[in-house]
Protein chains: 2
Amino acid sequence: MTVTGPQGFRAAGVAAGIKAGALDLALVVNDGPLDVAAGVFTRNVIKAAPVLWSQEVLKQQRLKAVVLNSGGANAATGPLGFQDTHATAEKVAEVLEAGAIEVAVCSTGLIGERLPMDAVLSGVDIAAKALEASEAASLNAATAVMTTDSKPKQAFKAHRDGWSVGGFAKGAGMLAPNLATMLSVLTTDAVVTKDALDSALRAATKVTFDRLDVDGGTSTNDTVLVLASGASGVEPSDADLVAMLTEVSHDLVMQLRADSEGATKEVDLTVKGARSEADAVAVGRTVAEDNLVKTALFGSDPNWGRIAMALGRAQAHIAPETLSIAINGATLFANGTTAQDRSEADLTGRHIDIVIDLGVGEHEATIFTTDLSHGYVEENSAYSS
Amino acid sequence: MTVTGPQGFRAAGVAAGIKAGALDLALVVNDGPLDVAAGVFTRNVIKAAPVLWSQEVLKQQRLKAVVLNSGGANAATGPLGFQDTHATAEKVAEVLEAGAIEVAVCSTGLIGERLPMDAVLSGVDIAAKALEASEAASLNAATAVMTTDSKPKQAFKAHRDGWSVGGFAKGAGMLAPNLATMLSVLTTDAVVTKDALDSALRAATKVTFDRLDVDGGTSTNDTVLVLASGASGVEPSDADLVAMLTEVSHDLVMQLRADSEGATKEVDLTVKGARSEADAVAVGRTVAEDNLVKTALFGSDPNWGRIAMALGRAQAHIAPETLSIAINGATLFANGTTAQDRSEADLTGRHIDIVIDLGVGEHEATIFTTDLSHGYVEENSAYSS
């Protein structure tokens with residue numbers, strides 16, 4: 001059990017006929033007693049209709065349900081696309097005897113195509129009948145949101161005080177730099193206030209979903225929602241809530257990275273010694289998005305020169321003479337000049353640790369990224385997404 | 001004749017032994033009567049030793065000669081690398097009976113390795129003896145600076161008033177966003193002042209070299225130099241000087257793009273209707289550097305949805321409802337919603353025109369880019385550069 005692991009939630013994932021012969025519509029329902037919710041959304045200026053809708057809905061910080069579909073992003077579809085999202089929320093509200101304003105909508109798939117609304121609306125009926133708190137229902141929901149994902153991504157963590165956090169996520173490309181391309185629904189049975197949940201979600205996503213950067217693409221549809229039922233009766237401290245949401249989010253992010261399009265390397269890119277955390281993030285993202293760095297990693301080549309080149313164009317305070325770069329524990333470049341020979345860094349494994357020490361401050365951040373492989377090019381030149 | 005096309009210049013390209021069995025050291029000499037020069041350099045914070053040296057030299061805006069080598073970038077090599085550059089300039093000054101401060105140095109190749117200085121210094125002797133104003137010497141110089149380039153890039157343009165501009169360039173990857181990874185030496189026999197030449201070079205590179213963006217990489221070594229001999233005796237207007245430098249630079253940039261690593265598509269990405277030219281450039285670069293856009297182009301897929309996604313994260317004023325996107329003449333997205341079917345855009349040819357109309361102003365800019373292919377990944381995962 002994951003999204004239905006916390007008490008007070010039911011889920012379903014069904015084949016609505018949006019995609020041929022696959023699960024494509026998911027529903028997550030909060031049965032309370034609380035209906036507190038929070039959300040974070042893509043910072044892309046071009047926002048999909050479901051994002052525009054769900055942002056409005058979340059202003060109340062109350063959610064009864066979330067409906068999600070794969071098979072179409074409903075992005076760049078204009079006013080008619082927004083009407084489709086609204087109609088979907090109305091339909092869910094009708095079957096759950098709730099208000100549309102209590103229903104968030106998430107979509108993923110090809111940009112620029114209208115959704116087949118007959119399939120979506122009849123799918124909501126089917127999903128409502130399939131709602132369960134079971135492990136199978138959770139898995140179906142996590143599966144129904146997949147696009148190029150090769151497997152569903154679920155996570156769950158129980159706190160010793162008797163409450164828990166669960167959730168699922170999808171996303172395999174267009175992953176960065178603020179939220180992956182990515183839909184995720186988190187649930188908790190903790191007793192929380194709106195403000196505490198909102199703050200905790202922002203704190204958790206800032207160091208997890210926001211730090212996953214596979215290809216620099218920021219989707220039109222990125223959404224992370226968290227729903228709190230309060231069904232455990234336990235009110236955790238703010239610190240515990242942040243820690244639990246962060247842990248479950250990190251778990252999902254590691255699964256997203258491992259399954260991202262064409263990835264053959266999973267890379268933790270830590271920037272330390274920065275003047276500010278923002279500087280550390282800026283440097284990490286610039287390096288993580290550099291195709292010459294990414295192709296070198298694909299070739300298992302400890303080419304720190306490309307890392308130095310890439311970070312030199314980041315918008316951050318950098319002094320060449322204090323810069324050091326270590327790859328998998330071997331310091332290849334120290335204080336502005338070569339150190340150990342590059343052959344000291346063994347990159348043959350799947351996991352790679354890069355540590356960039358700017359040497360100008362005390363702040364740090366870690367970006368989670370991958371290499372750039374033939375598989376990425378193959379998948380993205382053949383698949384219209 | 002190209003770099004020696006204008007009167008008053010000699011060039012040489014020789015095999016100094018920096019790379020095994022290939023031309024690897026070039027020399028361009030200005031025989032005057034003028035020795036006016038201007039230069040633009042990489043904006044990367046991590047600057048190679050030859051860039052640091054040549055920036056100092058160019059402060060006087062006088063140049064007697066430029067020495068260039070492939071086979072090593074002399075970047076991230078610390079104080080010893082700077083000494084190597086200085087020694088190279090001193091050697092050229094000695095053989096030409098000039099001052100080291102009149103000699104610019106350019107290097108290209110692997111970052112983080114010292115140059116074999118015995119080969120470099122003896123190569124200068126060989127090159128000095130080979131100096132000629134011939135077409136063969138120009139070609140040898142253009143060839144000696146090649147790294148992953150498959151062919152030398154030269155350009156020449158004569159003005160009807162009796163003066164001319166010539167030059168060569170190298171660069172095949174790490175091309176962007178301010179100057180390609182790229183060395184270029186331009187020459188002219190026009191009679192010009194320091195200020196006029198400097199202004200004209202900046203105006204020309206702004207719309208040519210600065211708008212080539214193949215992979216977002218900004219090299220540690222990017223340099224464009226222009227040397228004026230005044231040997232034609234003709235003093236052109238400022239406008240003519242800008243136009244001629246721009247034309248020759250554009251010619252070289254088109255050759256750089258055509259030969260860039262793995263490119264199967266040459267893409268002109270025009271952003272119009274922008275609030276400012278800076279906005280147009282920002283949007284163009286963001287789209288040009290997006291791997292999902294680039295892989296779609298490789299797949300000949302008119303996937304305007306990825307273009308809309310990519311531009312939505314640019315730092316520019318964008319309004320979704322006024323946005324339009326046309327590919328090869330077919331408007332696929334107009335004023336915030338779908339227009340013609342994507343099948344109307346035929347992308348099977350090598351040249352692709354993308355026009356993004358932001359619809360919020362009167363400014364425009366064109367970025368010159370390519371697709372992202374298997375060839376790019378192959379070349380850059382196998383080649384340590």
Side-chain angles (χ1 to χ4, degrees), chain A residues 42-47 73 75-81 110-113 173-174 177-178 215-220 289-292 295-296 298-299 301 303-306 308-314 318-320 323 332-333 336-338 342 372-374 376-382 384-385, chain B residues 42-47 73 75-81 110-113 173-174 177-178 215-220 289-292 295-296 298-299 301 303-306 308-314 318-320 323 332-333 336-338 342 372-374 376-382 384-385:
Chain A
T42 182
R43 289 171 210 165
N44 197 306
V45 174
I46 312 294
K47 290 177 167 61
T77 44
L80 295 175
L110 190 64
I111 296 171
E113 309 263 324
M174 222 184 269
N178 294 302
D215 57 11
T218 304
S219 154
T220 49
E289 293 176 15
D290 188 274
N291 282 351
L292 287 166
T295 48
F298 173 54
D301 175 10
N303 194 327
W304 61 266
R306 291 187 186 176
M309 174 279 296
L311 68 86
R313 69 185 181 104
I318 297 164
L323 178 67
L332 305 182
F333 185 70
T337 190
T338 50
R342 66 180 67 207
L372 172 60
S373 70
H374 285 302
Y376 181 91
V377 173
E378 186 62 28
E379 190 154 354
N380 285 300
S381 57
S384 242
S385 68
Chain B
T42 182
R43 289 174 210 160
N44 198 307
V45 175
I46 311 296
K47 290 176 169 60
T77 45
L80 295 175
L110 189 65
I111 295 172
E113 308 264 323
M174 224 184 267
N178 293 303
D215 57 11
T218 303
S219 153
T220 49
E289 293 175 16
D290 188 273
N291 282 351
L292 288 165
T295 46
F298 174 54
D301 176 10
N303 194 326
W304 62 265
R306 290 188 186 176
M309 173 281 294
L311 68 87
R313 70 185 180 104
I318 297 164
L323 178 67
L332 304 181
F333 184 70
T337 190
T338 50
R342 65 180 68 207
L372 172 60
S373 70
H374 285 302
Y376 181 91
V377 174
E378 186 62 28
E379 189 154 355
N380 285 300
S381 57
S384 241
S385 68

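The chains referred to below are lettered A, B, ... by the order of the sequence lines, with proteins before strands, and numbering in each begins at 1.
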- Residue pair Ala76(A) / Trp304(B): nearest heavy atoms and the distance that separates them: CB-CZ3, 3.6 Å
- Query: What's the spacing between Asp290(A) CG and Glu289(B) CD if we round to 0.5 Å?
  - Reply: 9.5 Å
- For Val377(A) and Leu372(B), which heavy atoms make the closest approach, and how far apart are they? CG1-O, 3.8 Å
- Query: Could you state the interatomic distance from CZ (Phe333(A)) to CD1 (Ile111(B)), rounded to the nearest 0.5 Å?
  - Reply: 9.5 Å
- Query: Rounded to the nearest 0.5 Å, how far apart are OG of Ser373(A) and NE2 of His374(B)?
  - Reply: 9.0 Å
- Whatever's closer than 4.5 Å to a heavy atom in chain A on Thr77(B) counts as backbone
- Query: How long is the gap from CG on Asn44(A) to CG on Leu311(B), to the nearest 0.5 Å?
  - Reply: 7.5 Å
- Rounded to the nearest 0.5 angstrom, the CZ-CZ distance for Arg43(A) and Arg313(B) is 13.0 Å
- Item | Under 4.5 Å from a heavy atom of chain A, the part of Leu80(B) involved | neither
- Note on the structure: To the nearest 0.5 Å, atom CG of Asn291(B) lies from atom CG of Asn291(A) at 4.0 Å
- Message: Show the nearest heavy-atom pair for residues Pro320(A) and Val45(B), with the distance to one decimal.
- Response: CG-O, 3.6 Å
- Task: May I ask you to name which of Gly78(A), Gly112(A), Ala296(A) has the most heavy-atom pairs under 4.5 Å with chain B?
- Result: Gly112(A)
